[in-house]
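Below: the structure, in structure tokens.
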Amino acid sequence: MNNIEAIVAIDNNYGIAKNGQIPWKSITDMLFFKKKTINNIVIMGYKTLLSLPKGKPLVDRLNIVLTHNTNNHVNIKYDNLLFMDETTLLDFIHDSNKYILLDNHKYLKNDYKMYIIGGQQIYNLLYKYCATIWLTKIKANYQCDLIFSKAILDSFTTSVIE
């Protein structure tokens, strides 16, 4: 199994999003996120994909979106975007080497990592596969409606970026 890590920013109350968007603008966090995830794989839910600029996948990364019905998204086509159901994603996480499709993504590093980037349900489902959680603490309260699990953070030694 490849090295899997999660990357998340939280506010003072463990909030991660409000009304489907990240409510803060942090250049430091955005640069850190890009530096960690570029030339790697990012795994997210469909709502997280929609929250990205223009609803498009992140460039120079293989974007994998976990969805209940992959057939609903067949008209969305980008060369760096894959939709997977939970069974396929878990199989991929356990043995990504058997997926020939990775050869088509030349921007991936040979020693690529997989980064769980949200949202809340995806973190809750996949944290147990993570070796590390990269955490940015935003020192404010944004009254978020999506909250990261404190119990998950308490079960990890997190690498904190403040």
Side-chain angles (χ1 to χ4, degrees), residues 1-53 55-68 80-97 102 108-109 111-162:
M1 180 172 7
N2 283 312
N3 196 8
I4 302 171
E5 301 179 355
I7 188 164
V8 63
I10 60 171
D11 73 1
N12 286 339
N13 291 328
Y14 298 90
I16 59 174
K18 183 175 182 174
N19 300 320
Q21 298 293 318
I22 296 173
W24 52 79
K25 299 288 185 226
S26 168
I27 299 297
T28 303
D29 180 50
M30 289 182 353
L31 291 173
F32 177 76
F33 178 89
K34 183 175 182 178
K35 179 181 176 189
K36 292 303 281 180
T37 63
I38 198 92
N39 302 119
N40 288 291
I41 297 173
V42 290
I43 301 171
M44 69 192 90
Y46 187 66
K47 290 178 186 175
T48 300
L49 173 66
L50 294 178
S51 75
L52 298 176
K56 292 183 178 180
L58 298 169
V59 297
D60 296 326
R61 286 156 270 211
L62 176 58
N63 294 249
I64 297 177
V65 178
L66 179 62
T67 182
H68 295 291
N80 66 336
L81 178 63
L82 297 172
F83 292 94
M84 292 185 180
D85 61 28
E86 184 176 337
T87 302
T88 304
L89 177 62
L90 293 177
D91 184 48
F92 178 81
I93 285 172
H94 285 28
D95 189 9
S96 61
N97 291 328
L102 293 179
L108 285 179
K109 296 187 292 190
D111 59 342
Y112 68 86
K113 292 184 180 182
M114 295 182 214
Y115 288 93
I116 311 305
I117 66 167
Q120 181 185 38
Q121 292 176 352
I122 306 305
Y123 288 125
N124 290 345
L125 176 69
L126 300 175
Y127 78 90
K128 59 187 162 259
Y129 301 104
C130 293
T132 301
I133 295 178
W134 295 97
L135 179 67
T136 299
K137 290 186 177 179
I138 306 297
K139 296 179 181 178
N141 180 1
Y142 286 87
Q143 277 77 46
C144 292
D145 50 24
L146 287 178
I147 307 298
F148 196 86
S149 170
K150 184 179 181 317
I152 290 174
L153 289 179
D154 289 346
S155 68
F156 278 85
T157 302
T158 54
S159 298
V160 178
I161 311 303
E162 294 192 72

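How far NZ of K113 is from CG of N40: 7.5 Å, rounded to the nearest 0.5 Å. The distance from the CD1 atom of I138 to the CG atom of N12 is 9.5 Å, given to the nearest 0.5 Å. Distance check, rounded to the nearest 0.5 Å: CG of D29 to NZ of K137 gives 13.5 Å. In this structure, CG in N39 is found 7.5 Å from CG in L108, a value given to the nearest 0.5 Å. Residue Y14 holds its OH atom at 12.0 Å from CD1 of I152, rounded to the nearest 0.5 Å. Separation of atoms CG (L126) and CG (L66) is listed at 7.0 Å; rounding is to 0.5 Å.
The closest donor-acceptor contact from the side chain of T48 to the backbone of G119 lies under 3.5 Å. N63 contributes no side-chain N or O that, together with a main-chain N or O of L81, makes up a donor-acceptor pair within less than 3.5 Å. In this structure, Q120 contributes its side chain and I147 its backbone to a donor-acceptor pair below 3.5 Å.
Aromatic pair Y115/W134: centroids not less than 6.0 angstrom apart.
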Please assess I41 against R61 for the test side chain to side chain contact (heavy atoms under 4.5 Å, CB included), listing each intermediate value before the final yes or no.
-> CA-CA 6 Å; I41 297 173; R61 286 156 270 211; over 6 Å; no

Which is it for L135 and F156 under the side chain to side chain contact (heavy atoms under 4.5 Å, CB included) test, yes or no, and what are the steps along the way?
-> CA-CA 11 Å; L135 179 67; F156 278 85; over 6 Å; no

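Shown here is K36, whose NZ atom has more than 12 heavy atoms of other residues, nucleotides or ligands within 6.0 Å. More than 12 heavy atoms of other shown residues, nucleotides or ligands fall within 6.0 angstrom of atom NZ in K109. No more than 12 heavy-atom neighbours from other residues, nucleotides or ligands sit within 6.0 angstrom of NZ on K35.
Taking both residues in full, the closest heavy atoms of K18 and P23 are given as N-CD, 4.1 Å, listed atom of the first, atom of the second, then distance. Of all heavy-atom pairs between S155 and Y127, the closest is OG-CE1, 4.4 Å. Among all heavy-atom pairs drawn from C130 and E5, the shortest one is SG-C, 3.9 Å.
When each of I64, T88, L49 is paired with F83, the side chain to side chain contact (heavy atoms under 4.5 Å, CB included) condition holds for L49 and for no other. Between V42 and the options N80, I7, T37, a side chain to side chain contact (heavy atoms under 4.5 Å, CB included) holds for only T37.
Side-chain contact between M30 and I27 is present, with at least one heavy-atom pair separated by less than 4.5 Å. Side-chain contact between W24 and T136 is absent, with no heavy atoms from C-beta onward closer than 4.5 Å. Counting only heavy atoms from C-beta outward, the side chains of C144 and N13 never approach each other to under 4.5 Å. Side chains of M44 and I122 form no contact here, defined as non-hydrogen atoms less than 4.5 Å apart. When side chains are defined from C-beta on, F33 counts as touching I117, because their heavy atoms get closer than 4.5 Å. Residues Y129 and I116 form no side-chain contact, since every pair of their non-hydrogen atoms from C-beta on lies 4.5 Å or further apart.
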